[in-house]
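Comments concern the structure below.
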Amino acid sequence: MKRLVPLGLPLLAALALPINGTARAQDVDAVFDFIPAGGRTLLEKLRAGGLPESLSAAIAGPGADVAAWQETLETARAEAPAIAALDSWEADTLAHYLAWRAPFDAGGGLPRDGRDLSLQLCQSCHIITVVVTQDRTREAWLGTMNSPSHVEIEMSDAERQLLADYLVLNAAIPIDLVPPELRAGGASY
Ligand code: HEC
């Protein structure tokens with residue numbers, strides 16, 4: 001299912017920013033606030049409020065598929081208000097992240113999520129808008145990533161799958177939610 005709720009506040013914050021030569025690095029990052037959080041950021045926020053023991057143990061455990069992570073998160077809702085507060089897209093985004101990334105040390109630095117991968121790897125040849133406004137199936141995303149223009153991008157197979165899952169859930173952002181400075185040429189590359 002697609003995210004239907006406009007991300008109003010982050011967008012307003014991004015629009016209010018003066019993007020010019022003097023913009024600070026964090027302001028430049030803020031222009032991307034309209035792109036929904038990925039699993040790493042979601043997990044970092046949950047961690048700040050204290051991860052329930054069941055979730056930390058599962059993250060260190062043998063790994064699991066998306067359905068099993070959805071169930072683990074559903075159970076953990078009762079133990080942590082911050083998990084209960086995730087909307088269904090966030091919970092799904094986190095479940096897909098954990099399916100491709102876990103196990104890892106839940107207390108250490110977390111591996112890149114789909115949003116990190118797009119911002120780091122998908123802006124050097126074209127504007128990020130080309131990516132995040134597309135409404136595609138998982139197969140179509142994987143097809144793009146295996147096309148001649150994209151196959152050389154340095155990502156592991158698991159990262160390609162993670163990015164595809166992240167984009168299925170979180171891309172298809174309407175162009176009017178994209179900050180104007182990222183719209184120019186948004187449909188071209
Ligand atoms: C090395 C340069 C390069 C990088 C890096 C790059 N792209 Fe592209 N991208 C292109 C070119 C060239 C086109 C237009 C031609 C084409 O469609 O292959 C394109 C077009 C696209 C399109 C629209 C047309 C299509 O084929 O679906 C999408 C979506 C896309 N890129 C996604 C991505 C994603 C996701 C990433 C990051 C993982 C990325 N791109 C990184 C070169 C790049």
Side-chain angles (χ1 to χ4, degrees), residues 1-7 10-11 14-15 17 19 23 25-45 63 65-66 69-70 86-104 109-189:
M1 192 165 52
K2 289 288 170 192
R3 176 183 295 270
L4 299 171
V5 189
L7 301 160
L11 178 70
L15 289 178
L17 287 171
I19 298 300
Q26 76 199 72
D27 292 345
V28 173
D29 286 348
V31 83
F32 299 114
D33 279 355
F34 73 101
I35 303 175
R40 179 188 60 80
T41 317
L42 293 168
L43 192 55
E44 271 171 6
K45 280 194 194 139
D65 64 13
V66 173
W69 280 114
Q70 282 166 329
L86 294 177
D87 69 30
S88 63
W89 294 279
E90 291 170 332
D92 277 353
T93 299
L94 180 55
H96 284 86
Y97 172 77
L98 291 169
W100 290 113
R101 288 305 203 186
F104 51 80
L110 301 178
R112 294 183 294 184
D113 62 27
R115 184 180 192 274
D116 297 327
L117 292 168
S118 342
L119 290 176
Q120 288 169 14
L121 302 173
C122 309
Q123 299 194 84
S124 53
C125 304
H126 47 65
I127 196 164
I128 195 72
T129 314
V130 171
V131 178
V132 297
T133 54
Q134 301 283 332
D135 186 356
R136 301 191 164 189
T137 62
R138 181 167 207 284
E139 291 65 36
W141 280 117
L142 290 172
T144 296
M145 283 181 239
N146 286 324
S147 71
S149 326
H150 299 93
V151 75
E152 306 283 340
I153 298 173
E154 267 189 48
M155 272 189 290
S156 66
D157 184 56
E159 285 176 328
R160 281 167 197 265
Q161 311 246 20
L162 167 63
L163 179 54
D165 286 337
Y166 169 81
L167 291 170
V168 168
L169 286 165
N170 294 291
I173 300 175
I175 191 73
D176 53 336
L177 294 185
V178 175
E181 57 270 49
L182 291 178
R183 278 184 218 169
S188 61
Y189 22 83

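Counting convention: from 1, in listed order, for ligands and their atoms alike. Below, each value reflects all heavy atoms present in this structure, side chains not excepted, and no hydrogens, waters or symmetry copies.
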Can you name the atoms of ligand 1, numbered from 1 with element, that are less than 4.0 Å from a heavy atom of L121?
5 (C), 37 (C), 41 (C)

Which one holds for H150 and ligand 1: side chain close, backbone close, both close, or neither close, with close meaning a heavy atom under 4.0 Å?
side chain

Please test V168 against W141 for side chain to side chain contact (heavy atoms under 4.5 Å, CB included), starting from the C-alpha separation and ending with a verdict.
CA-CA 8 Å; V168 168; W141 280 117; 3.8 Å; yes

R101 vs D113, test: side chain to side chain contact (heavy atoms under 4.5 Å, CB included). Steps then yes/no.
CA-CA 9 Å; R101 288 305 203 186; D113 62 27; over 6 Å; no

Within the 4.0 Å heavy-atom shell around S124, which atoms of ligand 1 are there?
5 (C)

Under-4.0 Å heavy-atom contact with ligand 1, by part of I153 that carries it:
side chain

With side-chain hydrogen bond (donor to acceptor under 3.5 Å, both in side chains) as the test, would you mind laying out the steps for D165 and Q161 before giving the verdict?
CA-CA 6 Å; D165 286 337; Q161 311 246 20; over 6 Å; no

L163 heavy atoms, cut-off 4.0 Å: which ligand 1 atoms fall inside?
38 (C)

Counting backbone and side-chain atoms alike, does C122 have an N/O/S atom under 2.8 Å from atom 8 (Fe) of ligand 1?
no

Donor-acceptor pair between T93 and R115 side chains, under 3.5 angstrom:
no

N or O contact, W141 vs ligand 1, cut-off under 3.5 Å
no

Heavy-atom gap L117 to ligand 1 smaller than 4.0 Å
no

Numbered atoms and elements of ligand 1 in range of V130, under 4.0 angstrom, heavy atoms:
21 (C), 22 (C), 23 (C), 28 (C), 29 (C)

Find out whether F34 and L182 are in side-chain contact, i.e. whether some heavy atom of one side chain is under 4.5 Å from a heavy atom of the other.
yes

Per-atom contacts, ligand 1 versus T144 - under 4.0 Å to a heavy atom:
27 (O), 28 (C), 30 (C), 32 (C)

Pick one: which of L163, L119, L117 meets side-chain contact (heavy atoms from CB on, under 4.5 Å) with R112?
L117

Kindly identify the option in H126, M145, R136 whose heavy atom sits closest to atom 25 (C) of ligand 1.
R136

Yes or no on side chain to side chain contact (heavy atoms under 4.5 Å, CB included) for I35 and Y166, after CA distance, side-chain angles and deciding distance?
CA-CA 11 Å; I35 303 175; Y166 169 81; 3.3 Å; yes

Measure the shortest side-chain to side-chain distance between T129 and I175 over non-hydrogen atoms and say whether it is less than 4.5 angstrom.
yes

List every atom of ligand 1 that sits less than 4.0 Å from any heavy atom of S149, numbering the atoms from 1 in the order shown and giving each element.
1 (C), 3 (C), 10 (C), 11 (C), 12 (C), 15 (C), 16 (C), 18 (O), 42 (C), 43 (C)

Side chains of L110 and E44 in contact at under 4.5 Å (non-hydrogen atoms)
yes

Near V131, which atoms of ligand 1 are under 4.0 Å from a heavy atom of that residue?
32 (C), 33 (C), 34 (C), 35 (C)

Please work out which of S147, C125, G114, S118 has its closest non-hydrogen atom nearest to atom 3 (C) of ligand 1.
C125

Taking the side chain as C-beta and beyond, is there a heavy-atom pair between L98 and L43 under 4.5 Å?
yes

Hey, does M155 sit under 4.0 Å from ligand 1 if you only count heavy atoms?
yes

